[in-house]
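A short worksheet on the structure shown next.
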Protein chains: 2
Amino acid sequence: MKELLYLKDDQLKDLIEKLFVGYRETFSDSKKILDKYSIGLAHQKVIHLLSMYEGISISKLLTKLKVTKQSLNRVLKDLIKLEIIIFKKDEMDTRIKHVYLNEKGKKIFEEIFLLQKKRIYNALLDSSSEEVINFDKVLKKIING
Amino acid sequence: MKELLYLKDDQLKDLIEKLFVGYRETFSDSKKILDKYSIGLAHQKVIHLLSMYEGISISKLLTKLKVTKQSLNRVLKDLIKLEIIIFKKDEMDTRIKHVYLNEKGKKIFEEIFLLQKKRIYNALLDSSSEEVINFDKVLKKIING
DNA sequence: CATTATAGGTAAGTTATATTGACATATTAT
DNA sequence: ATAATATGTCAATATAACTTACCTATAATG
């Protein structure tokens with residue numbers, strides 16, 4: 001806590017810049033794969049969430065992505081055309097639509113993820129699990145700030 | 001090193017999502033300030049770099065931002081209209097332009113930075129300096145991956 | 001049962017940020 | 001003299017988002 005006093009503005013600026021570059025690089029590794037399927041970063045993010053949260057609802061997707069439903073809808077339509085997602089109505093509440101990647105979708109995700117994974121792996125190659133845990137911990141706090 | 005084997009895909013996916021959310025949240029805190037001056041995220045990033053690297057050249061800005069000069073130029077023109085940046089020719093090589101924030105520009109940056117700083121500070125409130133160092137270390141490796 | 005709330009869809013127009021390609025100028029280096 | 005570098009600019013286009021407005025279907029509540 002007291003140690004915080006030694007965090008200078010310059011270090012904080014540096015951290016903020018790194019947060020941007022880290023995000024940008026991690027999400028641009030897969031550009032060639034995205035081009036192959038004629039999709040973009042917005043699609044990649046949706047595919048990522050569909051892989052993490054199988055059967056996620058539209059409204060959950062919206063709150064996670066923090067975009068409007070018009071914007072999400074454009075992306076989902078493209079993914080339908082690509083034939084990589086399917087929908088299932090909730091059995092209890094049929095207003096709710098659950099979204100899933102099909103087999104083709106999962107394969108495309110793996111192509112994307114492989115490249116992102118490579119970057120993270122390389123980053124963690126000579127890190128201890130404690131360092132990784134600390135990284136995760138701080139990142140989580142930044143998000144929940 | 002061996003510990004890495006225990007890094008499951010799910011954890012990596014989670015890290016990647018956090019990297020995105022951490023970036024997004026950190027760079028959206030200042031939205032109200034940006035609106036006040038009718039500028040956007042692209043301008044914020046340039047202002048941030050101008051504050052970090054006083055007198056940075058155009059080409060350095062371009063490589064740091066990884067955008068085209070046409071794109072950067074639009075932003076710089078807006079900042080000129082806002083009257084918050086100045087240029088100085090390099091004394092040795094007069095082709096090179098050094099860009100600086102003027103006093104007004106520095107004040108606007110401080111407004112933006114205050115909010116971002118608050119988020120990072122809150123995140124680090126109960127973190128040890130070691131955790132912060134680890135966070136920085138891993139992030140750096142992700143960038144250089 | 002009537003009303004209200006929720007989940008989702010859609011249409012039109014607009015904005016922010018970026019791209020590609022082409023070309024121009026000034027200055028420095030070979 | 002020529003080539004390379006640093007920067008600027010015009011035009012057209014793409015991507016991803018936005019706002020505003022309105023729509024259906026279903027569920028929850030009085």
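Both backbone and side-chain heavy atoms feed into the values below; hydrogens, waters and symmetry mates do not. Chain identifiers are assigned alphabetically (A, B, ...) following the order of the sequence lines, protein sequences preceding nucleic acid strands; residue numbering begins at 1 within each chain.
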Contact class for T94(A) vs. all strands (heavy atom < 4.0 Å): base, sugar-phosphate, or nothing? sugar-phosphate
Between K13(B) and D9(B), does at least one N-O distance fall below 4.0 Å, as a salt bridge requires? no
Side-chain (Q11(A)) to main-chain (K8(A)) donor-acceptor, under 3.5 angstrom: yes
Per nearest nucleotide of DNA chain D, the residue lying toward the 5' end, E91(A) or K60(B), is K60(B)
For the side chain of T68(A), starting at C-beta, report the closest nucleotide among dG9(C), dC18(D), dA16(D). dC18(D)
Roughly, in whole Å, what's the span from CG in D35(A) to P in dA14(D)? 14 Å
Just the rounded figure in Å: distance from C1' of dC18(D) to CG of L62(A). 14 Å
Just checking H98(A): base, sugar-phosphate only, or nothing, at a heavy-atom cut-off of under 4.0 Å? nothing
Answer with base, sugar-phosphate or nothing: what part of the nucleic acid does K66(A) contact at a heavy-atom distance below 4.0 Å? sugar-phosphate
Using the side-chain heavy atoms of Q70(B), tell me which of these nucleotides is nearest: dA22(C), dG8(D), dC18(D). dA22(C)
Nearest-Å distance for atom pair CG/P, residues L65(A) and dG8(C): 13 Å
K97(B) and side chain to side chain contact (heavy atoms under 4.5 Å, CB included): which partner among L61(B), I58(B), D90(B)? I58(B)
Looking at dT17(C), dA4(D), dG8(C), which one has an atom nearest to any side-chain atom of R95(B)? dA4(D)
OP1 or OP2 of dA16(C) under 4.0 Å from side-chain N/O of H43(B): no
Against the side chain of R74(A), the closest entry in dA22(C), dA17(D), dG8(D) is dA17(D)
Exceeds 12 heavy-atom contacts within 6.0 angstrom, atom NZ of K104(A): yes
Let me confirm one number: the CG-OG distance from L82(B) to S38(B), rounded to the nearest 0.5 Å. 8.0 Å
In this structure, how many angstroms lie between the P atom of dA24(C) and the NZ atom of K69(B), rounded? 13 Å
Counting the atoms with a prime plus P, OP1 and OP2 as sugar-phosphate, which does K45(A) contact under 4.0 Å by heavy atoms, base, sugar-phosphate, or nothing? nothing
Backbone N/O of E130(A) and side chain of N134(B): donor-acceptor pair under 3.5 Å: no
Considering only dT17(C), dG8(C), dA16(D), which nucleotide approaches the side chain of K97(A) most closely? dG8(C)
Could you pick out which residue, I58(B) or G40(A), lies toward the 5' side of DNA chain D when each is mapped onto its nearest nucleotide? I58(B)
Report yes if at least one side-chain N or O of S59(B) is closer than 4.0 Å to OP1 or OP2 of dT7(D); otherwise report no. yes
Using a cut-off of less than 4.0 Å, is there contact between a side-chain N or O of K77(A) and OP1 or OP2 of dT10(C)? yes
When the distance from NZ of K89(B) to C1' of dT25(C) is rounded to whole Å, what number comes out? 11 Å
Could you please name the option among dT17(C), dA27(D), dA18(C) that lies closest to any side-chain atom of D93(A)? dA27(D)
Out of dT7(D), dC18(D), dA17(D), which nucleotide sits closest to the side chain of A42(A)? dA17(D)
Separation of dT7(D) atom P from I85(B) atom CD1, nearest Å, is 13 Å
Rounded to whole Å, how long is the line connecting atom CG of L61(B) with atom P of dA6(D)? 14 Å
Atom NZ of K88(A) to atom P of dG8(C): distance rounded to whole Å? 16 Å
